[in-house]
Amino acid sequence: MRGRLVGLLGSLVLLVVAGACSRSKEGAQQAGGSDAGGAQAAARVKLALNWVPEPEFGGFYAARDQGAFKQHGLEVEILGGGAGVPVLQMVATGQVEFGIVGGDELLTARARGVDLIPLFAVYQTSPQAIMAHASRGAKNIQDVLSSGTIALEPGLPYAAFLKKKYGFDKVKVVPYDGGVAQFVTNKDFAQQCFITSEPIAARKQGAEPVVFLVADEGFNPYTAVVATRRELWKTQPERVKRFVAAVREGWRAYLDNPAPANTVMAKLNTTLDAETFAAAAQAQKPLIETEETRTRGLGSMSRERWETLGRQLVELGLIEKAPVVDEFLLPEFTQAPGKTSP
Amino acid sequence: MKALRDALAPLAALVILLALWETVARVFSFNPMVLPPPSTIGLEASRSAGSLLSGALSTGRSALVGFGLSTGVGVLAAIILSSSRVLERALYPYALFLQMVPIIAIAPVLVVWFGHGARAVAVSSFIVSVFPVIANTHTGMRSVDPALRDMFRLYGARRVATLWKLELPASLPHLFTGLRVASGLSVVGAIVGEWVAGVVEGDSGLGILVLVANRQGNTALVFAAVLAASALGLLLFGAVSLTGERMLRRWHPSASGS
Amino acid sequence: MRISGIRRTFSGGVSVLDGLDLDVAAGSFVALVGPSGCGKSTLLRMVAGLDRPDAGTLTFSPPLEHTPGARPPIAFVFQDAHLLPWRSVLDNVALPLELAGVPAPERHASAHALLQEVGLGDATSRYPAQLSGGMRMRVSLARALVTRPRLLLLDEPFAALDELTRNRLDDQLLALWKELGMTVLFVTHSLSEAAYLAERVVVLSRRPARVMLDRRLALPPERLPALRADPGFAREMGLLLQALEQGEAA
């Protein structure tokens with residue numbers, strides 16, 4: 001929460017400055033770094049995460065530490081995030097080349113004139129979920145919303161979706177604080193969560209949560225989407241493609257054996273222990289590797305999914321007009337090279 | 001006439017600032033998500049006037065309760081601190097502690113004690129704004145003219161009479177200095193309190209609106225909500241200043257029109 | 001009033017009074033003169049009971065005891081007016097009676113009467129900030145006298161005022177003394193003021209204060225402004241000045 005304050009007010013000022021600076025930086029990059037690759041020194045790029053190092057980002061750390069980025073001629077600096085880190089604005093202003101954002105965030109930004117393009121979607125099924133105490137006997141999200149208190153991040157699109165679908169008349173909605181302390185102490189308390197994170201933490205503290213995926217209710221945006229600015233794609237398409245290929249290899253490696261990257265991340269994020277890392281990596285597997293990715297490759301995205309999301313955001317009143325999918329979803333990223341459409 | 005002239009300079013500054021802002025935002029074509037021009041903020045404000053107003057009402061109510069608590073508790077604490085040197089030495093560090101409390105860190109505790117909602121938000125507003133009231137009133141009571149204290153002693157005034165007829169009225173100018181500072185802080189405290197202890201649906205304040213707007217990338221609405229919060233603080237500040245001026249008018253030859 | 005062997009040493013070891021004796025007859029007007037910092041004010045504060053002597057005694061006969069609820073028998077006028085800025089002139093003057101528990105109509109009547117006497121009868125509803133320095137001092141004087149004290153202590157009360165205003169206030173004080181008949185102990189560093197006002201002048205040395213001269217002035221009881229030009233007045237002034245210079249050198 002404290003980070004949010006910085007994120008909100010500080011970043012506004014910061015970004016104005018950074019935005020102005022990025023113009024000149026861009027010119028320098030274009031002049032110096034041609035896209036030749038090969039024997040040249042590895043190109044340095046930055047990737048901004050929107051949360052602290054967790055299994056959610058395992059594939060990126062695997063790509064960095066197990067050589068995938070290097071093999072593709074890239075030297076990647078991964079910037080860990082936290083609540084309030086304005087990743088979207090950082091990518092938009094060119095402070096970083098790549099950033100992790102939510103699919104809904106990306107569409108909202110596009111609707112506001114920020115030309116970001118999605119490259120790789122880690123989660124095919126959104127890990128966003130609602131967790132409640134098992135003792136309440138709730139069978140689904142509707143049951144959870146029929147009493148007690150629920151903590152949701154203000155302005156969250158799926159909160160708007162659930163509100164529209166079920167109404168919030170019978171439940172008290174309070175701000176999500178990023179932790180599980182209130183959940184553990186209050187039996188009538190439910191909250192938003194990442195299926196890979198809070199439920200595991202709550203269980204460790206002795207709570208017995210049940211978890212309901214929001215995706216099962218019909219709102220399933222791509223989550224943990226790698227995005228970049230269109231300018232970068234226009235000027236250095238090869239570098240972008242190489243980055244995506246390396247990320248895909250990193251995720252493949254992480255899904256096969258999460259242990260090495262978990263060890264690295266555990267050093268950066270000491271709030272989770274090895275056991276939690278392992279459990280989370282296991283829990284998220286089916287959300288990342290699906291029937292579809294087996295044919296089209298990890299991280300692939302479909303036109304239909306983006307269209308559905310755009311339509312839903314319009315219906316929820318979060319944007320006025322759905323962005324035209326063909327303007328931002330490039331065929332290069334709807335499937336991995338060498339795979340065929342089903 | 002004078003009031004008009006006094007208002008002219010800041011007004012002109014505002015117009016120039018807005019014009020400059022608008023120009024910079026447009027000429028450098030900053031994305032509105034990064035720096036929305038004032039015109040966009042104005043448009044957004046009128047479009048979201050309803051939620052801004054209800055947010056301002058909710059936050060204003062919490063801030064007012066917090067400010068009222070600060071006034072009452074602050075003066076009471078100052079009386080206790082001033083009643084003896086021993087008590088002052090024993091308790092003042094803890095009053096100071098209130099000033100140092102990082103409210104964002106202690107807000108979760110407020111949730112545990114008061115639950116989510118207006119009560120916890122008002123207490124957050126109180127914690128943030130009470131110290132200036134204590135400190136200033138205390139200073140005021142400590143700096144009462146010693147000759148007047150002697151006179152009250154000479155005339156055998158009781159403790160309560162000395163407090164009521166000498167110390168409290170004598171510290172009014174200091175008290176109002178404290179209240180002016182507290183008025184702005186009470187709004188800040190309410191906003192921050194809402195971020196942790198507020199409610200998102202129903203009676204939600206400007207702090208929640210800022211979060212919602214930020215989450216939706218609606219930077220213009222973030223600005224509009226922040227401006228509304230500032231206006232709220234200014235309103236409270238103005239009311240306190242005016243009350244203070246009226247109450248202290250007779251103290252100063254300039255305002256008495258003699 | 002009898003002061004005998006009074007001693008006072010401030011923390012830090014500065015001896016201000018080291019065994020001073022002084023008798024003051026009831027109803028008399030005594031001026032205390034001395035170099036600044038000699039302990040005049042300390043003496044006055046001890047008489048008022050605002051400070052305690054380290055040794056020695058202070059006795060009053062008849063005794064001046066302040067019983068709670070009764071009008072306090074001693075009044076004090078400070079160097080500045082020290083009015084309460086949030087109270088009207090009338091309420092400032094009525095304050096001592098208010099603290100003694102006198103009901104409002106009665107105390108307001110007394111305050112009104114005294115303000116009339118000091119020439120501020122039409123300023124009762126004004127506030128201290130609206131008054132001149134001289135007017136404020138008159139309010140302060142009225143406040144001191146509103147309790148009809150038996151002993152009035154004045155600590156360089158008119159020192160901050162201009163000469164003309166001061167002379168006018170001196171005359172007013174004399175008139176009030178004649179009318180009310182209280183004992184007056186008047187501390188000043190102005191010899192002419194002391195000679196003009198008092199029946200008896202006590203000149204003190206620099207600290208620790210000793211009595212250099214204790215003189216009943218050979219001047220007519222009726223003091224008029226013309227007195228200041230009188231040869232007798234000049235002679236008394238000369239004697240006082242001599243004693244003061246000796247006390248300074250000692």
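Quantities reported herein were computed from a predicted structural model and do not represent experimental measurements. Each chain gets a letter, A, B and so on, in the order the sequences are listed, and its residues count up from 1.
The part of B/Val111 that comes within reach of chain A is its side chain, from C-beta onward, which places non-hydrogen atoms under 4.5 angstrom from that chain. A/Leu156 touches chain B through backbone and side chain together, each having a heavy atom under 4.5 Å away.
For CZ of B/Arg180, the number of neighbouring non-hydrogen atoms (other residues, nucleotides, ligands) closer than 6.0 Å is greater than 12.
The ring-ring contact (aromatic ring centres under 6.0 Å, His included) search around A/Phe189 returns none, not counting sequence neighbours.
Pairing each heavy atom of A/Pro175 with each of B/Gly198, the nearest pair is CD-O, 2.9 Å. Shortest non-hydrogen contact noted between A/Val174 and B/Val200 is C-CG2, 3.4 Å. Annotation for A/Pro154 and B/Leu211: closest pair CG-CD1, 3.6 Å, computed over non-hydrogen atoms. Between B/Val212 and A/Gly155, the shortest heavy-atom distance links the atoms CG2-N, 3.5 Å.
Put simply, the side chain of A/Lys172 gets close to the backbone of B/His116: a donor and an acceptor are under 3.5 Å apart.
Atom CG of residue A/Asp177 and atom CD1 of residue B/Ile104 lie 10.0 Å apart, to the nearest 0.5 angstrom. Between the CZ atom in B/Arg215 and the CG atom in A/Asp104 there is a gap of 5.5 Å [rounded to 0.5 Å].
Side-chain contact check for A/Arg112 versus B/Asn218: some heavy-atom pair is nearer than 4.5 Å.
Of the listed residues A/Val114, A/Thr108, A/Asp169, A/Ile319, the one with more heavy-atom pairs under 4.5 angstrom with chain B than any other is A/Val114.
For the side-chain contact (heavy atoms from CB on, under 4.5 Å) with B/Glu201, the lone residue among A/Val171, A/Leu152, A/Val173 that qualifies is A/Val173.
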